[in-house]
Every structure is written in structure tokens, then in C-alpha cells.
Amino acid sequence: MNYNFNEIEAKWQKYWAENQTFKADNDSEKEKFYVLDMFPYPSGAGLHVGHPLGYIASDIYARYKRHKGFNVLHPQGYDSFGLPAEQYAIQTGQHPAITTEANIKTYRRQLDQLGFSFDWSREVRTSDPSYYKWTQWIFIQLFNSWYNMDTDKAEAIDSLIQIFEKEGNTKVNAVCDDDTPNITAELWNAFSSKEKQALLLKYRLTYLADTEVNWCPALGTVLANDEIVNGVSERGGHPVIRKKMTQWSMRITAYAQRLLDGLDKIDWPQPLKDSQTNWIGRSEGASVTFKVLPPAPSIGGGEHSRLTGDSSIIGVLLERAKEMRKNPTEAENVLWQALRTKKLDLKFRRQHPIYRYIVDFVSLEKNLIIEVDGKIHEYQLDKDAQRTLELEQKKGFKVIRFSNEEVLNNLEDVIRNIEQTLHSLPSGEGWGGDTIEVFTTRPDTIFGVSFMTLAPEHELVSKITTPEQKDEVEAYIEATAKRSERDRMADVKTITGAFTGAYAEHPFTKERVPIWIGDYVLAGYGTGAVMSVPCGDQRDYDFAKHFGIPIPNIFEGVDISEEAFADKDNTVIANSDFLNGLPYKKAVKRAIFELEKIGQGKGKVNYRLRDAVFSRQRYWGEPFPVYYDADGMPQMLDEKFLPLELPEVDKYLPTESGEPPLGNAKEWHWLQYGDEGKVVSEEEFERAISDTEQPVLSGVEVGRSGEIKGGALELNTMPGWAGSSQYFNRYMDPHNDEEIFSQEAINYWQDVDLYIGGSEHATGHLLYSRFWQKFMFDKGWVPKDEFAKKLINQGMITGESAFVNIIEGRLRNGNEDVSGHCQIIVSKELYESLENNEGMLGQLPKKLSSFLNERLSYHQDFNPDVSEYDRYYKAFKSTQISVDFVNLKNEFRFLDLIDDPRLSEIGSAHYFDGDNIIPNEKMTKETLGKVYREVEKMSKSKYNVVNPDAICEEYGADSLRLYEMFLGPLEQSKPWNTAGITGVHSFLKKLWRLYHSGPNGEFYVSDAPPKEGSGEAFKTLHKTIKKVEEDIENFSFNTSVSTFMICVNELSAQKCNSRAILEPLAILVSPYAPHIAEELWEKLGHTTSIATASFPKFEEKYLVESSKEYPVSFNGKMRFTLELPMDMTKEEIEAAVMAHEKTQQQLQGRTPKKVIVVPGKIVNIVG
RNA sequence: GCUCGAGUGGCGGAAUUGGUAGACGCGCUGGAUUCAAAAUCCAGUUCUUUCGGGAGUGUGGGUUCGAUUCCCACCUCGAGUACCA
């Protein structure tokens, strides 16, 4: 009976599906084991042979663990939201859901045909509303949480509100936005609901914020950095500008330290951990505050030289301010007199321009603004709130408001209130000017500071720039704004910058330090400002050299005339007052101590990690469960209304006004009465809120008892990583509609034991998932704060692209250069032996040159306009020839290529086989040419994709599985070579034959034990058990395939047909080649699946040897072997070896200096 | 530039705590079988050689009785990252 793999594989795939063989039970006495593959995106191209590599490995492990008696969870599903389906929708109008569904079908068919032991009853899809319901739910939980640094975990936002109500926000140790103002409890309690919401957004773990993005107006979308080339969009070449957009962000930075610390607890590949460490980018140092010196009186001068107003409209503002000062309201006048006389020890200015506004009263020293609101303000509460928000958030002022009545009737209370507020503001030791905060990892070099550099975007730049420097600075800012971030990064060498004209004061020496701007300082890192120490930092050094800034040396015995000295280990500080003579570490400590003493700095840890932008201007993603209320503040939908389903749209492009695609939805407003809520059109929403009649919702009349809520729904959708950041937990209880997962399920399965996937997810999915897991852990919903104990990155399988080399005859006349329509395919060797890739025909081998000469002259005869042209040749490499045209011997049929428009020229070329030229017109269908291979990434665009379907058809899934493992170590990248699969395929045939030793190849096993004298069979078996078990535990799957081959080769040689050997062997093979194993298992008489048969037990006794073939080495080189009994002593072995004739022959009469004998291992003779 | 990883036959790769380098497979060569082909089986296959042997794991050095394995320096390739103060 032949090994009919197609039949066998179809049979068992059907059996597994019908019997739900791999369905995992949430309630089991067995120990759990969770094996997971990284969530696949079902792409339209389907699988190529590189994709299943990780799935095969994880499947082998999962099957092995089942044999070992574990309850194995091995689920699979689809990360089915994503860009390709949306791009396709934009091009064709086909709904992404339809594309996705079709792709999943192909994907599933391909997975099924490989015989994976997935529990498909647990399948999830991120684009399925019943799944993204829980993605939205987590978003809401994050929104309702803040990070308490004292307890070092996320807590409910309610607890923060309670703190605010009691003591304001000055004492709470929370992670929040940098520009969060200080407030007192009184102020908090006096806040409008909108102001409260605005403040809370600065604390929530997911929040709305203005983020700078690359906006392409022509395409109507935000572009990622790698979609921009030379400042224009990669596609279409449209201009791109830096733009602030309001986006949802995730406060992952709150978890920076824990994400770093957690890496020590998990068994993940070191390179992956390294890139996460690098990405988080922790650096220890100090934050130092520099005071900005007021401009010298000779320059500028006067009250308004400090431009607190927006410079572009300052003229208008000053005009209006004068006007208003002349006509104060009564309340303003009263308060002004009070402020002047009440001795608050503070200078106030009245009707002063700040930013785009004129404020009633301001203390520039304390950054406090006092506003007195007249009647008119009651009608413009919104605008006032906006103004307060801008002044507080963007400009760092504290704003307090009083009504006219309060001032006129209750002046004492108002003054007390002002006093209290002043008290809560940072003192600044009476310093009235601006300060620049910098972060440095080298506080020990503080005496080497000779200038400061701000990022051009730094908000202080416009404020401190002197009128003299204004033009230069503005020109510079404009120039840098035009360059994309990527350009700035790519062009590191060009040194650019501008002097602001302003000076800061050195905290210790009190000397003037000039303030520059330069784009080598990144706005996004640290504070966007640095203290520049040219002697200790190469970038500062280059900048100083370029602009002629002094470079003071503060290192003992170091020459800095050529370059900066950045070595920490050999540092001894000099010329630095109290730091003189100290080494690096001590100097750092001392510097921080001194800075703290004068209140101008403290030790600080800084992270490179940024909060993650969570909004995408896309259609095919999870909608945010968010609407915007009348105040424009975001509100979460109540959990009971989830999922908020993705609306239908007519087109998937941004709207004409530049809104994301969801802006096209006709119904995308939230309307809620009490417990009833619904997505409605804007018109219906407007009608409902203005309608005083009995409301009707969902066709049912509802009472007006509930409050009316709602507003426009969020138009952005969530990014690709949203759906994949908790899917591994959802698999534990995937159909639960009440909770994201039950506590029983999560407490049984706990975490992923083995996670396999590509390394491209190192800083995306794998970092965000860890973040969400820690959040879930903080909230007590999951028992582990790391979701995957062990992770393996499978290597890439590269493709072997096929090329030919071509010599083309050409005709040239001056600048004119035309094809001679004559190409010859030649071997790579010949191509490489050519001295030039272009030249006179005479430089070619005779046969080629005369052939080309003949053809070209023929061509010229028929084309008189080129008859006078010179003949020459060009030699080049072809584009990739689709590997589908190439057979296993690297041959292709010329005439096959003619129909492929991309390759038709090669199809009609001539062929030089090394001896003779075969002219194209003499070729038959069978004429073959040879290609050569080059390893490249396997991809459609390189025409080197090998489809697993064809392999399964020809060799079977078991062969494919074995071969993918056999190629090499799992983690390494390795080239695919289809020719090699015959090796594992014939192994399977040999294995099959081992069980079919009956007449005419009938199935036959003997129940008798292996023949006497051939304990060999047991030895072979147990050797194999031992090795295979070790290999699987070590994820060394390639070596166990070799072991199987050796085992079957040995058993075949022994003509073994004993059940005692062949039955355990079937189980050993089963994780790797499950179909053939099931078939043999059934033939052995079993009625249940082999899947849970217990793994054979290794017994040492079969491996005990009585003798050893000793390698005998001379000076470490093995010269011959000698078989000796195992029980010999060292001395006996030495005697036996020395007595051997070959030993004497090697020594040639010399006496050995030393003889090393390691019993059971080796003998080495020295001398 | 920095970080990490890797260099072994014609090719993929093996060698588990330092102990017979090249397992296993592909390819290639020769043979058997066949009318022939496919398939299958057998033998050989690191290089070199005066057929005794000698050399050999990117290069150079070191530790050791013994190094693909450990240490130092360098070269090459790959991956990630990039003005991070």
C-alpha cells in the first residue's frame, strides 16, 4: 500500500474538525498550557511558505504538550481591522468587511490544509462588534483611570476627584501633563463642570491632547514619518506640513519604569528586550533651572519690551489696552485700588496684553491673572473657558475670576481668595522672569556650560527673543518648520542655529549664558532645551565651533582642541568650584546636592518613551465610544450601550472639510434619554434637543424622566494595535457577553506560556500589550502583570529570486542609442568574466560577437535610418523571473515567458549554453534556459513567492511541516529551496514502509518483541525519545527531524516490525507529522485520536553500552579509534592504547610526555 | 555612529558542561533496477596528497593535554535604532 498523503491528510483534517479534537476545556484537572501565535492580519495575498513557520513550531509544541498530559489552549483568530482592506475600499468602493471576510476564508483554508491543532471554537476577529465591544470597554476603563505614583498603579478617577475636592492637586503624586496648573481645593470646587473635565483630561490614562502630526492637505490625512520623502508625500508628491491636531493619546509613559522592570521577569529574546529598553530610553540625570536674564536696559527697555502679547497682533492689543485703561468699570477700579494698596508684595499690571488677549490684572512675577467679569460674560461662558484654558495650558498662567458683584460687595473675600491663590503658586524666590528648565545626564559638567540651546519650537523662544534678533530667529524657525522631522534626522551634519539675543544666568557662577536655538535639540525630548557643554558633548562642541562660542575645558588633563571628551569613566572635573578633583559619579551627586540647595535643580529620571497617539483618521478600525457634549468635552458612552458599531459610509475618503471618513456617516450623533440611547443623524439630534414635546426613541415613547444627553460622536477610529493588545486574554473566554472574560477563566489560564511570532512587533504590539496588561493587573482583572512568560521570534524564510544575465546588441550614433533588438541569455560565469558591462563587440567571446554582428547588420539592412550607427553591446542582469516559471533544476522554458508582458523580451531572446547559441526562432517548447538564484525577502513584488498550496498538493502537509522545521533553527532567517523537500518526503515514505512490511506492501506489525540479539531496536527508539524530547523542550526542531531520519534509517536496516517499537515511534512523530501518525495509529488498532496518547517514556537502561570506541588523539588531533570495554580503568586504557601498533607508528620511537585519559570520552597523547 | 546577532563543504545546516568537526538532508559522481523515464536501492562526496599522510570551522593572537565552543584585537554580513542632552 502506498503512502497516499493527499487522501490521508484530508481524512484526518475532517476527523479533527468533526470531533473537535483540539477543543480546550476551561474546567480541567489537568495542568494548563497556553500556546499562542501572534495575531495574523488576513491579507489578500494569502500565505506563502514563510508565514506558517511559526505556526508549525507552536503546533508541534502544543501537540507535544498534549502528549505530555497538559490541557492545552491553542487558539487562533484574526486581527482583521487594517489598512489594506481600507485602501482596497477606497479604490473599488467594496466594503472592507467583504474584502476581509473573503481574505479570512482563504486564510482559513490554507491554515486547515496544514493540519494545525487550533481550537477554532474560540476564534475571534477584531473587526467583529462582539469583540470590539471589549476593546471599547478597555478604552473607557483607561479613560476612567489615573496613575498614582505613590501606590505605583492605576486607580479610579473618582479617587482623584475626591483628592481634588479635599486638597486640590498640589500634593497628589500623579502622572499628568507637563502643563498641568496648580489648583487649590477651593478653586477646584468653584470650577465649572467643563473646567473640571478639562483638568481631569490631564490625568486620565487616555486623554485628548494636541499632538504635532504630519498633515498632508492634498491627501486629507495624517502621514507617518516614513510616508514622507524630502518634505513631500511619498504618494503624489504633495506638500506636508507640521500641524497640531487634537488626538486621543494613551498615557503609556506612566508605565515606563514598570515596563522596563518587567523585562527581567520574562523569558523573551534578548534583542527584543534590548529594543524595548532602547525604546523606553531611560536616562538618569538632573533637571536644572536656568533663569532668563531681563534684557539690558540699553536694548529695548520699557514696560513692553518683554513681549507677553502675541507679537503678530501686539500693536492692536496695546492700542486696545490703552483704551480700556482709560475706561475701567467700577469693579475694575475698586480692585485695582485694592491691589495697589493692600500690600500683596507684588506688582500688578492692569489691562495688560497676554498672548492674544488683554487681561484685567496680571502679576508677571507670579504668572497670576485676575479677571473681573461684567454682565457680558454671562453670555460668553464658553469663550471665557476657552481663554482660561489657553492661558493656563499654553502660557502657564494661573487664572482666577470674580464677578462684578463679588468685587463690589465683598472685596475682603476677594482679596483673601487672591492671597490664598498666591500662596499655592510656586514662589520662585521673588524671581519675576522666565526660567528655562533643562534635563541633563551630566550635571557634573555644569561649570562647562557656555551657552544654552532651545528647540526652535520651544515656547519661550518668541518671548525672550530681542527685537534685534527677531528677524533672524523667525527666519530660522520658518526654515526648520519646513523640514520634516525625518529630514532633520537624516541631515545631522549641517549645523544650523540662531542667537536669540537673550541670556540666562548660570546657577552657580551667575555669569551670562547666551541662549541659542538650534534644531539639533529636539522639542519632543526632555524639556526641549539643553544646557550646552561643548567640552563634554560632541554636538554642543560642533555647534560652538561653528558659531564661535567659547569652549571652556572643565576636565583635568584632557585635550579638547579637536573634539569633545565624553568618556565618563576617566573623568576628573576641574575649573568647577566645589566639583574640582571629583570623578564622574561623585561629581554628579555633589552637583545635584548643590542644585537642590539653591532650589534650581534636582535629580531626575527621564524617558524617551512618548505617550502613544491613539487616533487614526481611518474608517476600518474600532470607533471610539465617545461623544462630545455641548461644552465640546468628550464623554464616554455608558458600558451598557457597547458596542458602538461602525457606521456605514458612502465613501471611505476624508470629507471635503478634511474630517476623517466617519464624517461621511449620515447617522453619527449620540442621543440618550435616561437609559435609552441611540445613534442618530445630526438633524434628528438637533430636533430632539430643541424639541420640548414628548420624545420618541427607537419608535418607543420614553418619559422625560431621564436627562437628555449626547452629541457628535468621535470621528477618528482606533489604531491597529488596539484590538491586539488584550486578545490573548479574550481567548480564554471568547464568547462571554457579560464580561471581557470571567474570573474563573483567567484564573485557570493565567497567562501565555509560549508566544511565537515575528520580531517586527518588538516596540509596537508587544509594548502596548504589556502596558494594557499592567493596567488590567492594576485594576485587579488579571492575575499576572506580564501576559507572556516565554516568547520566541521565528526567523524569516527568505525567497530565492531567479535571474538571468543578458548581453544586448545596441546601436549608437553620438547621443542616440537604440536597441538592436537582439538579446542573448548567457551564464552568470560568462557575465562576470566580462571586463566591461558595455563595449565593442570584439571584446566578447568570438561566438557571441559574430552572432551579434550578423544580427545587427541584418537589423540595419532593414532599418536604413540606423544603418550608419556603431554596433556595441551592453551586459546586464534581468529583473526577477517569476519562480513559477522555474523548475527544481533552475531551468525555465523560453517560450513560456513570451506571454508574460514583463518577461516577453527574455522569452524572445537567444540562448548561449556555453558552447553554442540557440537562436530564438529555432527554439521548441522544450528548450530550456538556466537561471541563477539570489536570496531576497520573499515577497510578491520580487516574484519569488512560493505558495504552500502547491507544496501540499505535491508532497503533502506533513512533508511541508517537516521541511520547514528541517530548514534550520527556528529563530534564524534562512532561504527557501523547494528542491530540498524531497529529502523529508522520502523520509515519510520510508517511515510508511516501516509499518508496511507485509506482502505487497500491506500493513504489518508483529506483536512479538524485537528479535533477540537486536536490543538495537530499543536502543534506537530510546535514543530517539531522549533526543526528540530534549529538542522540543529547547525549541530545536530542526535537529529532531534529523533524529527521526536516523531512527527510521536504523530501524529499516534492522528490518524492525515490532509493535513495541513502532507504536511509540508513531507518537514521537505525531507532533511533527500528525496526519501520517494518526493514520498509522489507527492501523495499529486504535479507535481514538493519537492526539492525547501519552508520550513514550525514556529509559536509560537501553542506552547503556558495554564498550566505547575511543578516539585516540596525538596533540589534540584524532588519528584513529580503538574499541575498549567501558569498565576499564584509566591505567588499563592507557596501557591498551600504548600497546597499540598505530600508537607506536604515530610516535615513531618518541616517548610521550603525557597521556590524558578521560574514561568514556577520549585519549590524548602529548609528545 | 550605537546596540544586538551571525560567520563551519557546492547549498541548508549538525556538533548538549571545551573531548572523534562536517551528523541529517539537498546537490553532485558512479553503480543496480528499467525498453526508457520517474520512483527506489547501493557506494562515494571538506580540501590537499608522492595515498604514508597533511591541512582545515571569517582573520590574527591567547588560555588549555585538547578550542567551532572560552578570552583579546580585527574583518565581513545581517537585524534593530538613530542628533535622547
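In what follows, chains are A, B, ... by sequence order, proteins preceding strands, each numbered from 1.
- Residue pairs meeting the salt bridge (charged side-chain N to carboxylate O under 4.0 Å, His left out) criterion with at least one member in residues 441-450 of chain A, sequence neighbours excluded, are Arg442(A)-Asp444(A).
- Taking the nucleotide of RNA chain B with the nearest heavy atom to each of Ser1036(A) and Asn1164(A), the more 5' of the two is matched to Ser1036(A).
- With sequence neighbours left out, Gln600(A) forms a side-chain hydrogen bond (donor to acceptor under 3.5 Å, both in side chains) with no residue at all.
- In this entry the distance linking CD of Glu971(A) with P of G80(B) reads 17 Å, nearest Å.
- In this structure, the CE atom of Met965(A) is 14 Å from the C1' atom of G13(B), given to the nearest Å.
- Proximity of the aromatic rings of Phe1044(A) and Tyr1072(A) is defined here by a centroid distance below 6.0 angstrom, and this criterion is met.
- Judged as a side-chain contact (heavy atoms from CB on, under 4.5 Å), and not counting sequence neighbours, the contacts of Met796(A) are Thr798(A), Lys937(A), Ser973(A).
- In this structure, Glu437(A) places its CD atom 16 Å from P of A85(B), rounding to the nearest Å.
- A6(B) and A85(B): their C1' atoms are spaced 33 Å apart (whole Å).
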What side-chain donor-acceptor pairs closer than 3.5 Å can you find for residues 446-456 of chain A, not counting sequence neighbours?
residue   : atom : partner   : partner atom : Å
Ser450(A) : OG   : Pro550(A) : O            : 2.9
Thr453(A) : OG1  : Tyr520(A) : OH           : 3.3
Thr453(A) : OG1  : Ser532(A) : OG           : 2.9

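- Here Arg610(A) does not reach the OP1 or OP2 of C84(B): none of its side-chain N or O atoms lies under 4.0 Å away.
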* Heavy-atom protein contacts under 4.0 Å, nucleotides 21-47 of chain B, coded B base, S sugar-phosphate only, - none -> S-BBSS------------SSS------
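- The glycosidic torsion of G9(B) lies within 90° of 0, placing the base in the syn range.
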Extract all donor-acceptor atom pairs below 3.5 Å that involve side chains of residues 757-766 of chain A and protein atoms in other chains or at least two apart in sequence.
residue   : atom : partner   : partner atom : Å
His765(A) : ND1  : Ser724(A) : O            : 3.4
His765(A) : ND1  : Ser769(A) : OG           : 3.1
His765(A) : NE2  : Tyr755(A) : OH           : 2.7

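- Rounded to whole Å, the distance from NZ on Lys974(A) to P on G7(B) is 14 Å.
- Using a 4.0 Å heavy-atom cutoff across all strands shown, Arg1119(A) reaches sugar-phosphate atoms only and no base atom.
- Phosphate contact (OP1/OP2 of C4(B), side-chain N/O of Ser275(A), threshold under 4.0 Å): absent.
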